[in-house]
Amino acid sequence: MADSSDPIALLDSAFRGATAAAFPEIGDSDPLITASKQAALGDFQSNVAMGLSKRVGKPPREVATAIVAKAAAMPELQQIAEPLSDKSIAGPGFINIRLKGEALAALLSAMDTPSLGVPAPDVKETIAVDLCGVNLAKQMHVGHLRATIIGDALARVFERLGHKVIRQNHLGDWGLPIAMVTAKIAADANSGKINLDTLKLDDLDKAYKQAQRECTADEAGLAAVERFQLGPKARAELEEQVRGAKEKLAAAKLTLVKLQSHDPEIYAVWQRIAKITVDECVAVCGRLHATVRAEDTAGESSYSNELAEIVDDLVKRGIAEESDGALVVRLDGPDDLDDRGQKITEPCIVRKSDGGFLYATTDLAGIRRRVRKFGASRLVYAVDARQSLHFQQVFAAARKAGYARKPNGENAPLRHAGFGMVLGEDGRPFKTRSGDNVKLTDLIDEAHQRASAEVNRRSAALPEAERDRIAEVVGVAAIKYADLCNDRMKDYVFSFDRMVAFEGNTGPYLLYAFARINSILRKAQAEKSIDTGPGAPFRKAALHIVQPQEKTLALAILRYPGALKSMADACEPHRLCGFLYDLAGAFSSFYDACPVLAADNESTVLSRLRLCDLTGRVLRDGLTTLGLPVVERM
RNA sequence: GCGGGCGUAGCUCAAUUGGAUAGAGCACCUGACUACGGAUCAGGAGGUUGCAGGUUCGACUCCUGCCGCCCGUGCCA
C-alpha cells in the first residue's frame, strides 16, 4: 500500500500536498501533523491552519476548510483515513484525522518485518560516542553510572538506526595523580609489601586514596597549630606530615617523568595497574549489560605524544596565543559560539605556564583522532553536565583549529549529552552512610538482592537457578530504566524502594509485559497447538483492528520508528522509555479487555496472537536498544 | 560579579519543542465475571506550572524583571 508504515509520514505528505494545492502562493509548508492527545478527538491532527492564517490573510477556520476540501479529495488520504469534512475542523482550526481500521492493519503488516519499520539511514554515519569515563586505579562508582548507561543507550540507538558506532571509554590514566599511585604501588612491590600478580582493583583503590592523602601537605593544619599555639607535639606531627608529603610529591613528579619516558620498571607497573582497572571496568559494564570492551578504551596516555605537536600546530597557525605564560585559544570571535549560539567568554587553556598540558589538550587530540583517524561524522559525549563549559570551549577550539573538519569540508557536529547528578533520597548527592561513593558492584548486588526477594515471592514455581538469573536481570533493568527514564539534564533521586516496587513506570513493569506476551505464545503452542515457530503461519494472519484497545495498541506500535528517531536526534533516552511505557500500557489494557486464545473465532485468535507477537518484538527491540536485558519469563 | 541549569499534584517524574480540558506512577479511595501471569486493568480524588508583567488565535514552553535551589567560572581532571 505504501512505502512507509509511519502514518505521520503519510499524513504529512498528503497534507503538504493539500496545503500547497489550497494555497499555491505560499509554497511548501509543514502541515504540523501530530498524534492527538485525546483519542476522543481523533488519531492525528494537523495544526497548519492557525499558523497559515496570518500569511494568507484569512481566518484560521476558513484556511482549514480550504485545506480539508483539497485533502478530502485525495485518493491517498481516502485510502487510510476516515472521510474528512467540516466536522473534522475543531476549535480555532485544528484538523482532526481518524485512520480506518483496515489502514491500521495494513500499516502494521507493512511494519511487521525484521526491521520493525525502521528505515535504513539516508546516509550511514560513523558516530563516536564517549562513555563510561573511568579512572585508573579506581573502582567504578555512582559517578560512572550515568555516563555508562546513557552513553551505551545512545550508542545502541545509533547502531539500531543503521549507523556505525565507535565507543570511546576515555580512561583517566595519565598525569600527576596517576603517577602518585604508580609510585606508591611500585615502592610497595619493591619492598615486598604487595604482589603485582595478585593485586586487585580494591587494593589499587585504597592505594590511590592513600597516595592522594600522603602527597597532600596539610599546610592549613600547620597554620592552625601555629595560630592557636596547640603545643609542640601537634606541631611536630604536622611538620612531619608536611615534610613527608613534600617528599612523596617530589617522588611522584619523578615517577611522572619516568612514566612519560617509558622507564621500563615504572611503565610495567603502570601497565599492570591499567590492565587491572580495565579488566574490572569491562566486567562491571558486562554486569550492567552495557557494551564497553577493552578495545573501546582509549586512555589519556594514548594521546600523550600528540599533545606537544597539537600545541605547536595551534601556535604556528596563530590559533593559540600566549597569556600570562600559558597558551590559550581565545573564543570570543564571532564564529566561536557554543551549542546555544551564546558567546564563550573564557578562553580554552591548552598549555599551562609550567609547560604541562591539560585535559582540554587531550580532548582536542581526542576530537582530532575521532574525526580524522576514525572517520567520525558526528561526536557525542555522555559526560556530566558540570563539564558543560569545558566541552563548549574544547568544541569551539577544535572547530577553530579545523580538527572537527570532515573530508567534505564540513564540521562534524560535536555534542555534549550532559546529565545531572544522582541524588540520594535526602536530595543530596548519592553516597554511602559513611560518605563514600557507592561502588557500582555494590549497587548491582543490592538491586539483585532486592529483586530476588520479589522474584522468589512471586515466581516460586521456577527453578532456583533461573530465579536467581531473573533477579539479576530485573535488578539491572530496574537501575537502568530508573536512570534513563527521566530527562537527562536533570538530577534524579535514586531509590531502591521505588525501583523494586516494580509497579508503574519501572523497568520490571516493562519486563513483565514482555514476559506475559511470551506466556501467551507458549500457551498457544502448548494448549492450542498453534505453531509459533519463526516462520509460523499466524505471523501472516489477517489483522483485525476492531476493539478500541486494539486500535490504541496498533497506534502505539506504529510510533516505534519515530520514537527511535526522536531519541537519537535529541540524544534523549527518556523519549524511548516513554514510548515503551505507553506501549506496555496499551498492551496491558488490550490484554485485559481482549481475550487472545479464548477469542470467539479462529480468525480473531490469530489476529490477536499476531498483535501480541508484534508488540513483543517491538518491546524486546526497544528494551535492547536502551540496553535493558530481558527474560522470557519471570 | 558573570555564565549556565533547574523550579509542574503530598512524593518521584512527563508534556511529541507554541496547540485543544497540563498527563503518568507512588501513596489514598472505589471497583474487576472461578478467561490467556493481579509485578495487571477500569475509575475517583489531588494543580494559580516559583512570583509579576509581556508577546498572540493559543504559553509549562518564547521575551523582560524578581525569588529560591544547584553547578560552573584562566593554569585539577
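Sequence lines set the chain letters: A, B, ... in the order given, protein chains first and strands last, and positions in each chain run from 1. None of these values were measured; they are calculated from a predicted model.
Residue whose closest nucleotide on RNA chain B sits further toward the 5' end, between A:S589 and A:K343: A:K343. Nucleotides of RNA chain B nearest to A:G585 and A:D338 differ in position, and the one nearer the 5' end is that of A:D338.
Listed by residue number, the members of residues 479-487 of chain A with any heavy atom below 4.0 angstrom from RNA chain B are A:N486, A:D487.
Using bins of under 30°, 30° to 60° and over 60° for the plane-to-plane angle, the ring pair A:F496/A:F494 lands in the perpendicular bin.
In summary, A:D582 and A:R559 engage in a salt bridge, as defined by a charged side-chain N under 4.0 Å from a carboxylate O. Taking 4.0 Å as the cut-off between side-chain N and carboxylate O, A:D338 and A:K343 do not count as a salt-bridged pair. Ion pairing of A:K400 with A:D336 is present here, as a side-chain N (NZ or NE/NH1/NH2) and a carboxylate O approach within less than 4.0 Å. The pair A:E454-A:R450 does not count as a salt bridge, with every side-chain nitrogen at least 4.0 angstrom from each carboxylate oxygen. Remark: A:D384 engages A:R386 in a salt bridge, criterion side-chain N to carboxylate O under 4.0 Å. Taking the charged nitrogens against the carboxylate oxygens, A:E632 and A:R620 do have a contact shorter than 4.0 Å, which makes a salt bridge. Ion pairing between A:R146 and A:D483 holds under the 4.0 Å rule for side-chain N and carboxylate O.
For the P atoms, the distance from B:G1 to B:G46 is 42 Å, rounded to whole Å. Atom P of B:A9 sits at a distance of 9 Å from the matching atom of B:U48, rounded to the whole Å. Separation of the C1' atoms belonging to B:A45 and B:C26 is 15 Å when rounded to the nearest angstrom. Distance check on atom C1': B:C11 versus B:C67 gives 24 Å, rounded to whole Å. Atom name C1', nucleotides B:G47 and B:A24: the rounded distance is 15 Å, in whole Å. Using atom C1' as the reference point in both B:C63 and B:U56, the two lie 13 Å apart (nearest Å). On the P atoms, B:A20 is 38 Å away from B:G72, given to the nearest whole Å. Using atom C1' as the reference point in both B:U8 and B:C69, the two lie 16 Å apart (nearest Å).
Going from atom CG of A:D582 over to atom P of B:A15 covers 11 Å, rounded to whole Å. The interatomic distance linking A:D30 (CG) with B:G19 (P) rounds to 12 Å, in whole Å. Here B:C57 presents its P atom at 14 Å from CG of A:L52, a figure rounded to the nearest Å. In this entry the distance linking CZ of A:F587 with P of B:A42 reads 13 Å, nearest Å. Whole-Å rounding puts the A:D592 CG to B:C33 C1' distance at 12 Å. Atom CG in A:L583 sits about 17 Å away from atom C1' in B:A14, given to the nearest Å. Atom-to-atom, CG of A:L423 to P of B:C6 comes out at 15 Å; the value is rounded to the nearest Å. One can place CZ of A:R457 at 14 Å from P of B:G38, the figure rounded to the nearest angstrom.
Using modelled atom types, one side-chain atom of A:D491 and one backbone atom of A:M421 make a donor-acceptor pair closer than 3.5 Å. Side-chain atoms of A:T615 come within 3.5 Å of backbone atoms of A:L611 as a donor-acceptor pair (strictly under, hydrogens ignored).
Note on A:A515: a base of the nucleic acid sits closer than 4.0 angstrom, heavy atoms only. Using a 4.0 Å heavy-atom criterion, one finds that A:R633 contacts the bases of the nucleic acid, with or without backbone contacts as well. Nucleic acid contact for A:V596: base, since at least one base atom lies under 4.0 Å from a heavy atom of the residue. The residue A:Y512 sits close to a base: some heavy atom pair falls under 4.0 Å. A:E572 comes within 4.0 angstrom of a nucleotide base, judged by non-hydrogen atoms across all strands. Residue A:C594 is in base contact, counting any heavy-atom pair closer than 4.0 Å across all strands shown. At the heavy-atom level, A:P595 lies under 4.0 Å from base atoms of the strands shown.
A:F579 and A:Y560 have their aromatic ring centers within a separation under 6.0 angstrom. Two rings, from A:H390 and A:Y359, have their centers less than 6.0 Å apart. Aromatic ring centres of A:Y512 and A:F502 lie farther apart than the 6.0 Å criterion allows. In this structure, the ring of A:F587 has its center no less than 6.0 angstrom from the ring center of A:F514.
Partners of A:E466 according to the side-chain hydrogen bond (donor to acceptor under 3.5 Å, both in side chains) rule, which considers only residues two or more places apart in sequence or in another chain, are A:R633.
Closest contact between the side chain of A:H574 and the listed nucleotides B:C13, B:C57, B:A15 involves B:A15.
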Taking distance alone, no hydrogens or angles, what donor-acceptor pairs closer than 3.5 Å link side-chain atoms of residues 48-56 of chain A to residues at least two apart or in another chain?
from, atom 1, to, atom 2, distance (Å)
A:S53, OG, A:K58, O, 2.7

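Counting atom types as modelled, A:S519 pairs a side-chain N or O with a base atom of B:G37 as donor and acceptor under 3.5 Å.
Within the 4.0 Å cut-off from OP1 or OP2 of B:G38, at least one side-chain nitrogen or oxygen of A:R516 is found. Contact between the side-chain N/O atoms of A:K523 and the OP1/OP2 oxygens of B:G37 is found at a separation under 4.0 Å. Look at A:Y591 and you'll find a side-chain N or O under 4.0 angstrom from OP1 or OP2 of B:G37. Taking only side-chain nitrogens and oxygens, A:K490 comes nearer than 4.0 Å to OP1 or OP2 of B:A14.
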Tell me, for nucleotides 20-30 of chain B in 5' to 3' order, what letter each nucleotide earns: B for a base near a protein heavy atom under 4.0 Å, S for only sugar-phosphate near one, - for neither? B---SSS----
Along nucleotides 68-77 of chain B, 5' to 3', which nucleotides get a B, which get an S, and which get a -, given that the test is a protein heavy-atom distance under 4.0 Å? ---SSSBBSB
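For RNA chain B, each stem of at least three Watson-Crick or G-U pairs (distances under 3.5 Å) is given as range with range: B:1-7 with B:67-73, B:10-13 with B:23-26, B:28-32 with B:40-44, B:50-54 with B:62-66.
Taking the centre and axis of the six-membered ring of A:Y591, the NZ or CZ atom of A:R516 falls inside the cone set by 45° and 6.0 Å.
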